[in-house]
Amino acid sequence: QVQLVESGGGLVQTGGSLRLSCAASGRTFSSDDMGWFRQAPGKERVFVAAISSSEGITYYADFVKGRFTISRDNAKNTVYLQMNSLKPEDTAVYYCARKVLIGRDNFPLNYGSWGQGTQVTVSS
């Protein structure tokens, strides 16, 4: 069973940056495709970005392309989300998760082992 712990959230002004981290433990991390999702109050959890296990192939939601970068350090069992040019609409709880089912990278039900989330608040 893998455990995921997110960190790095906080309060930032519009245009600012944050780097989220997701530390994994409990199994071999390097063989897992990983993803970041977010959930704003009263809204569904939506896909943000994903990264494949070995090749590090990345995939982004259209609304973060050019602003967010997902990366991973398999030696540290950690996946990152660098967020630049933040906007108030990026305010949400951000979750990382391990892809457990074959299928679309942007489909939340293909993921398991969710972390507890980290709050990101962007002020206008």
Side-chain angles (χ1 to χ4, degrees):
Q1 184 75 9
V2 66
Q3 292 82 41
L4 302 175
V5 178
E6 302 95 336
S7 61
L11 174 64
V12 64
Q13 292 185 334
T14 296
S17 298
L18 286 173
R19 189 176 82 152
L20 306 183
S21 299
C22 172
S25 62
R27 58 171 275 131
T28 303
F29 171 79
S30 60
S31 61
D32 292 328
D33 296 343
M34 300 293 294
W36 284 98
F37 292 77
R38 72 187 189 187
Q39 188 167 17
K43 296 188 177 181
E44 294 183 348
R45 190 169 299 187
V46 297
F47 170 77
V48 174
I51 187 166
S52 66
S53 56
S54 55
E55 299 88 359
I57 297 171
T58 58
Y59 174 46
Y60 297 95
D62 287 343
F63 55 81
V64 302
K65 283 182 180 178
R67 300 190 298 125
F68 291 10
T69 302
I70 187 172
S71 62
R72 65 191 299 158
D73 185 336
N74 288 337
K76 295 183 178 180
N77 284 353
T78 302
V79 62
Y80 304 98
L81 186 68
Q82 177 67 44
M83 306 187 296
N84 299 328
S85 303
L86 283 162
K87 306 174 183 180
E89 51 264 43
D90 294 319
T91 295
V93 178
Y94 283 72
Y95 299 89
C96 70
R98 179 175 68 93
K99 194 160 183 275
V100 297
L101 297 175
I102 297 173
R104 288 159 41 197
D105 286 336
N106 61 350
F107 192 46
L109 293 182
N110 287 336
Y111 289 79
S113 303
W114 294 87
Q116 84 290 347
T118 185
Q119 175 71 47
V120 171
T121 303
V122 185
S123 64
S124 57

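Being a predicted model, the structure only gives us computed values, none of them experimental.
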Do the non-hydrogen side-chain atoms of [X] and [Y] ever get within less than 4.5 Å of each other?
{"X": "T91", "Y": "R38", "value": "no"}
{"X": "Y95", "Y": "L20", "value": "no"}
{"X": "N84", "Y": "S17", "value": "yes"}

Would you say [X]'s side chain and [Y]'s backbone share a donor-acceptor pair under 3.5 angstrom?
{"X": "Y111", "Y": "W36", "result": "no"}
{"X": "Q82", "Y": "R19", "result": "no"}
{"X": "R104", "Y": "N110", "result": "no"}
{"X": "T14", "Y": "S123", "result": "yes"}

Exercise for the section: For side-chain contact (heavy atoms from CB on, under 4.5 Å), just list the numbers for L101 and F107, CA-CA rounded to whole Å, side-chain angles, deciding distance to a tenth of an Å, and then say yes or no. Expected result: CA-CA 10 Å; L101 297 175; F107 192 46; over 6 Å; no
Are [X] and [Y] connected in the hydrophobic side-chain network, where two residues link if heavy atoms are under 4.5 Å apart?
{"X": "L81", "Y": "V5", "value": "no"}
{"X": "V48", "Y": "V100", "value": "no"}
{"X": "Y80", "Y": "V12", "value": "no"}

Nearest 0.5 Å, what's the [atom1]-[atom2] distance between [X] and [Y]?
{"X": "E6", "Y": "Q119", "atom1": "CD", "atom2": "CD", "answer": "12.0 Å"}
{"X": "S71", "Y": "M34", "atom1": "OG", "atom2": "CE", "answer": "12.0 Å"}
{"X": "C96", "Y": "I51", "atom1": "SG", "atom2": "CD1", "answer": "12.5 Å"}
{"X": "S31", "Y": "R98", "atom1": "OG", "atom2": "CZ", "answer": "8.0 Å"}
{"X": "M83", "Y": "R67", "atom1": "CE", "atom2": "CZ", "answer": "9.5 Å"}
{"X": "L4", "Y": "N77", "atom1": "CG", "atom2": "CG", "answer": "10.0 Å"}

Practice task
Give the C-alpha distance, both sets of side-chain angles, the deciding distance and a yes or no for side-chain contact (heavy atoms from CB on, under 4.5 Å) between D105 and K99.
Solution key: CA-CA 8 Å; D105 286 336; K99 194 160 183 275; 3.0 Å; yes
Practice task
Give a yes-or-no answer on whether the side chains of S52 and D33 include a donor-acceptor pair shorter than 3.5 Å.
Solution key: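 Absent: no donor and acceptor within the cut-off.
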Handout entry: Candidate pair F68 and L86, rule side-chain contact (heavy atoms from CB on, under 4.5 Å), full reasoning
Key = CA-CA 9 Å; F68 291 10; L86 283 162; 3.8 Å; yes
Handout entry: Partners meeting ring-ring contact (aromatic ring centres under 6.0 Å, His included) with Y59 (sequence neighbours left out)
Key =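 ring-ring contact (aromatic ring centres under 6.0 Å, His included) list for Y59, sorted by chain: F47.
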Practice task
Could you give me the CA-CA distance, side-chain angles and deciding distance for W114 and F37, then say whether ring pair (Phe, Tyr, Trp, His ring centres under 6.0 Å) is met?
Solution key: CA-CA 10 Å; W114 294 87; F37 292 77; 5.0 Å; yes
Problem - Ion pair D90/K87, N-O distance below 4.0 Å - result: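 Salt bridge absent between D90 and K87.
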